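For reference, the structure is listed below as structure tokens.
Fair warning: this is a prediction, and the values are worked out from it, not measured in the lab.
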Amino acid sequence: EKGANKAVVVPDDKVPAKRAEDTFAAPAVTPEAAMLVSAEALHEMLGKKEPVVVVDARTPDACRQGHIEGAVLVNVMAELRYPPDSTPRAMTMKSAEELAALFGSRGIGRETRVVVYDAGGLEAPFLAFVLRKLGNTSVAVLNGGVDAWAKEAKLPLVPGDPTPAPAQAFSPQ
């Protein structure tokens, strides 16, 4: 067996060094009830003008078709990961500095209360994970996504591009 595999075995001294992002140990994330928010609870928060940034984690086209009023757009598949495309490959996160700049440009700081939603895929949970990984522990996912908001709770969506949010400083932890 050793002889048969000799041509493909890499000697220990030729194994490439690990990159810093390959050796990162993600913090333990324990599911909490606060990690999900219902459409009704989010609607109530927005009605009371509570400080919260709502993030549409879908594609720009889907967001233009209709989004929650006041939501900012973060195109998860194109902006949070490498490679930046829409194929369902493994989600490799960009650097903390790149992500901090992105979130700050969308009005999200490390202490900002955030609710993210998508169309029932993995975009909103992935975005919530990334925010938590960078130190924002005040992030929740809209339970049921945009369908829970529009179809189940019968709450309005607004068409067009979302309004840009004032920039915030996001210093990752």
Side-chain angles (χ1 to χ4, degrees), residues 19-32 34-37 39 41-87 89-119 121-143 145-146 149 157-173:
R19 301 175 306 169
E21 56 268 23
D22 293 338
T23 60
F24 177 79
V29 176
T30 306
E32 306 165 10
M35 292 175 77
L36 289 175
V37 64
L42 177 58
H43 185 255
E44 187 175 318
M45 267 188 261
L46 295 172
K48 291 180 180 178
K49 305 275 189 230
E50 291 183 25
V52 61
V53 174
V54 179
V55 180
D56 189 321
R58 301 174 301 155
T59 64
D61 287 341
C63 184
R64 271 186 226 102
Q65 293 291 319
H67 58 274
I68 296 173
E69 187 172 3
V72 297
L73 174 66
V74 174
N75 185 349
V76 170
M77 299 304 275
E79 294 182 292
L80 293 190
R81 66 188 192 102
Y82 297 119
D85 61 27
S86 60
T87 58
R89 297 184 206 164
M91 294 187 178
T92 303
M93 292 179 357
K94 289 185 177 180
S95 72
E97 294 76 24
E98 290 172 296
L99 294 169
L102 171 72
F103 294 141
S105 74
R106 298 312 197 289
I108 301 170
R110 198 171 81 217
E111 304 298 323
T112 304
R113 187 175 184 185
V114 180
V115 176
V116 297
Y117 69 92
D118 60 18
L122 295 175
E123 293 87 355
F126 182 64
L127 177 55
F129 169 79
V130 171
L131 282 165
R132 281 185 168 265
K133 183 176 181 297
L134 295 179
N136 184 320
T137 57
S138 299
V139 60
V141 174
L142 178 59
N143 195 10
V146 71
W149 179 271
L157 295 174
V158 294
D161 289 321
T163 306
Q168 291 279 331
F170 191 111
S171 43
Q173 181 179 9

Spacing of [atom1] belonging to [X] relative to [atom2] belonging to [Y], to within rounding of 0.5 Å:
X	Y	atom1	atom2	result
T137	M35	OG1	CE	10.5 Å
N136	L131	CG	CG	5.5 Å
M93	L80	CE	CG	8.5 Å
W149	L142	CH2	CG	7.5 Å
F103	T112	CZ	OG1	11.0 Å

On a heavy-atom basis, which atom in [X] and which in [Y] lie closest, and how many Å separate them?
X	Y	answer
G121	P125	O-CD, 3.9 Å
K94	A78	NZ-O, 4.2 Å
L102	V74	CD2-CG1, 4.1 Å
P172	A96	CG-O, 4.0 Å

What pairs of donor and acceptor atoms, side-chain ones from residues 51-63 against any protein atom, are under 3.5 angstrom apart with sequence neighbours left out?
from	atom 1	to	atom 2	distance (Å)
D56	OD1	R58	N	2.9
D56	OD1	R58	NE	2.9
D56	OD2	R58	NE	3.2
D56	OD2	R58	NH2	2.7
D56	OD2	Y117	OH	2.8
R58	NH2	A62	O	3.4
R58	NH2	G66	O	2.6
T59	OG1	A62	N	3.2
D61	OD1	R64	NH1	2.7

Pairs flagged by salt bridge (charged side-chain N to carboxylate O under 4.0 Å, His left out) wherever residues 95-104 is involved - sequence neighbours left out: none
Within-4.5 Å side-chain heavy-atom neighbours: L127 and V114: no
Partner set under side-chain hydrogen bond (donor to acceptor under 3.5 Å, both in side chains) for K48, not counting sequence neighbours: E44
Non-neighbouring partners of R113 that pass side-chain hydrogen bond (donor to acceptor under 3.5 Å, both in side chains), sequence neighbours left out: E50
L46 vs I68, side-chain contact (heavy atoms from CB on, under 4.5 Å): CA-CA, chis, key distance, verdict: CA-CA 10 Å; L46 295 172; I68 296 173; 4.0 Å; yes
Under 3.5 Å: donor-acceptor pair, side chain of R106, backbone of L73: yes
Test item: D118 side-chain N/O and G145 main-chain N/O as donor-acceptor pair under 3.5 Å: no
Pairing residues for A128 by the side chain to side chain contact (heavy atoms under 4.5 Å, CB included) criterion, not counting sequence neighbours: V116, V139, V141
Residues which pass side chain to side chain contact (heavy atoms under 4.5 Å, CB included) with A41, listed by chain and number, not counting sequence neighbours: V37, S38
Derivation and outcome, side-chain contact (heavy atoms from CB on, under 4.5 Å), residues V158 and H67: CA-CA 5 Å; V158 294; H67 58 274; 3.4 Å; yes
